[in-house]
Amino acid sequence: MNKTMTCQLSALLIFTCFGTSVFAQSKPASDWKAVVEAAKREGMVKCACPPRREFAVAFKKGFEDAYPGITVEITAAALPAFPLRVAKEQAAKMFLWDIYTFGPGAEIFDLKNKDGLESMWDYLTLPEVLNDSAWIGGIKDRFLDVEQKHIFGMFFTTSTGTINRDAVPDLKIRSFEDLLSPTLKGKLVSVDPRIGGSGESLAAAVFQRYGREGLKKLFVDQDVLLVKGNLEVAEQVVRKARPISLTSVSPDSQIRYTDAGMKLKLEDLFVPELARSGTNGSCPAIFKNPPHPNATKVFVNWLLSRDGQKLMAEARGEPSARTDVPVIRPEEAPKPGVKYLNAHKEEVMTKYLAPAQKILRELIP
């Protein structure tokens, strides 16, 4: 078999030919038009969306504007409850949902391991979505599951903390050791790593570098206040009760303060040893046997297109993993030469996150 023949592989297969990674030809435009028409006949896509209304509505409005005639029915997919609910439904042969678009909690990986998710390669069609160079690290690296086909990280967030400079104008923190200074005891807050959210990546990064002792020194000895989520973190930092957060005060959690006229002087806290990346708040996955398969295909291709990603990045204030979508906040762009731990990868969650959570539950009952 010659090299030309070797290169004639199937539509969704990544391969190397003449030393260059490429994708085979996607389906013709006429096929895509047929899918869209079939999607319009189905009439809707049932989205298990983030339980933040403004975020979920952005999915709905953006898609319905792009594809009139197909409605997005949004349901809040809170973690851990929603994937557990779907697992029970599927066990009873009930397939009620099309697509999941919330965060990468352990439960969505458990559902995948129970054969509860479809391969996204069967649904990704548009050339601009399949374009390897359009994604940070390449499209395969955007998948979070070990099989690289079920759970897609559409954002590329670099996790940092936050300092309220109105409270501590001159404080300098440049290393993990600096975080352990006695002067910072009682001044730190974090999303609780034991229950999920952005605190998970922090715990995984600490455990990877410093083990059990590092978790104790930071979370226990420094009396870190552990709270439920980003809104509670923002409350502590903005009100100066705990002016330093080990997880970031996210853009959406600042809105209520800026809308009230408050001038916030918040600065990113970056500790190189704890550098981590993730896909905050959204990792699309397609449920097994979606009731509206064509509408699901249209939706996921729109969502991962440049236009879809630009809209969602602006709505969420998070950087897309697409290389052709500008970063909204330059400080969130990856820093050259820094190695980031992708704490939302399944293998990282198994090797570092799960043990870290177990240890913290022992240390902080």
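The residues of the chain are indexed from 1 along the displayed sequence. Scope of the values below: all heavy atoms of this structure, side chains included, with no hydrogens, waters or symmetry mates.
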Side chain proximity check, Lys288 to Val86, heavy atoms < 4.5 angstrom: no
Test item: Leu184 and Leu171 side chains (from C-beta on) under 4.5 Å apart, heavy atoms: yes
Any donor-acceptor pair under 3.5 Å from Thr162 side chain to Val249 backbone: yes
Side-chain touch Asn113/Glu346, heavy atoms, less than 4.5 angstrom: yes
Flag for Glu200-Tyr352: side-chain donor and acceptor within less than 3.5 Å: no
Close side-chain approach of Val348 and Ser201, heavy atoms under 4.5 Å: no
Asn131-Ser133 side chain donor-acceptor pair, cut-off 3.5 Å: yes
Flag side-chain contact, heavy atom, 4.5 Å: Phe156 against Ser277: yes
Ionic contact status for Glu362 with Lys358, cut-off 4.0 Å: yes
Pair Asp65 + Lys60: basic N to acidic O under 4.0 Å: no
Salt bridge (Lys or Arg N to Asp or Glu O under 4.0 Å) assessment of Asp132 paired with Arg142: CA-CA 10 Å; Asp132 205 37; Arg142 299 317 310 149; over 6 Å; no
Mutual orientation of the aromatic rings belonging to Phe176 and Tyr210 [parallel < 30°, tilted 30-60°, perpendicular > 60°]: parallel
Arg174 atom CZ, over 12 foreign heavy atoms within 6.0 Å: no
Donor-acceptor side-chain pairing of Ser250 and Ser248 below 3.5 angstrom: no
Arg242 side chain reached by Val237 side chain, heavy atoms, under 4.5 Å: no
Any donor-acceptor pair under 3.5 Å from Arg165 side chain to Glu267 backbone: no
Exam field: side chain Gln222 to backbone Ser181, donor-acceptor pair closer than 3.5 Å: yes
Arg256 atom CZ, neighbour heavy-atom count above 12 within 6.0 Å: yes
Aromatic ring proximity Trp302/Phe59, centre distance under 6.0 Å: no
Glu177 with Lys217: basic N within carboxylate O range, under 4.0 Å: no
Option passing side chain to side chain donor-acceptor pair (under 3.5 Å) with Asp98 (candidates His292, Lys46, Lys297): His292
Sidechain N-carboxylate O distance under 4.0 Å for Lys310, Glu314: yes
Salt bridge flag under 4.0 Å for residues Arg239 and Glu235: yes
Backbone N/O of Val298 and side chain of Tyr123: donor-acceptor pair under 3.5 Å: no
Any donor-acceptor N/O pair, Asp145 side chain to His150 backbone, under 3.5 Å: yes
Note: Lys149-Glu118 ion pair, threshold 4.0 Å (strictly below): no
Side-chain (Arg306) to main-chain (Glu128) donor-acceptor, under 3.5 angstrom: no
Check: Gln309 side chain, Leu304 main-chain N or O, donor-acceptor pair, under 3.5 Å: no
Pairing of Asp221 and Lys216 as salt bridge, 4.0 angstrom limit: yes
Side chain to side chain, Glu89 and Phe95, heavy atoms closer than 4.5 Å: no
Within the 6.0 Å centroid threshold, strictly below: Trp97 and Phe82: yes
Close side-chain approach of Val227 and Val189, heavy atoms under 4.5 Å: yes
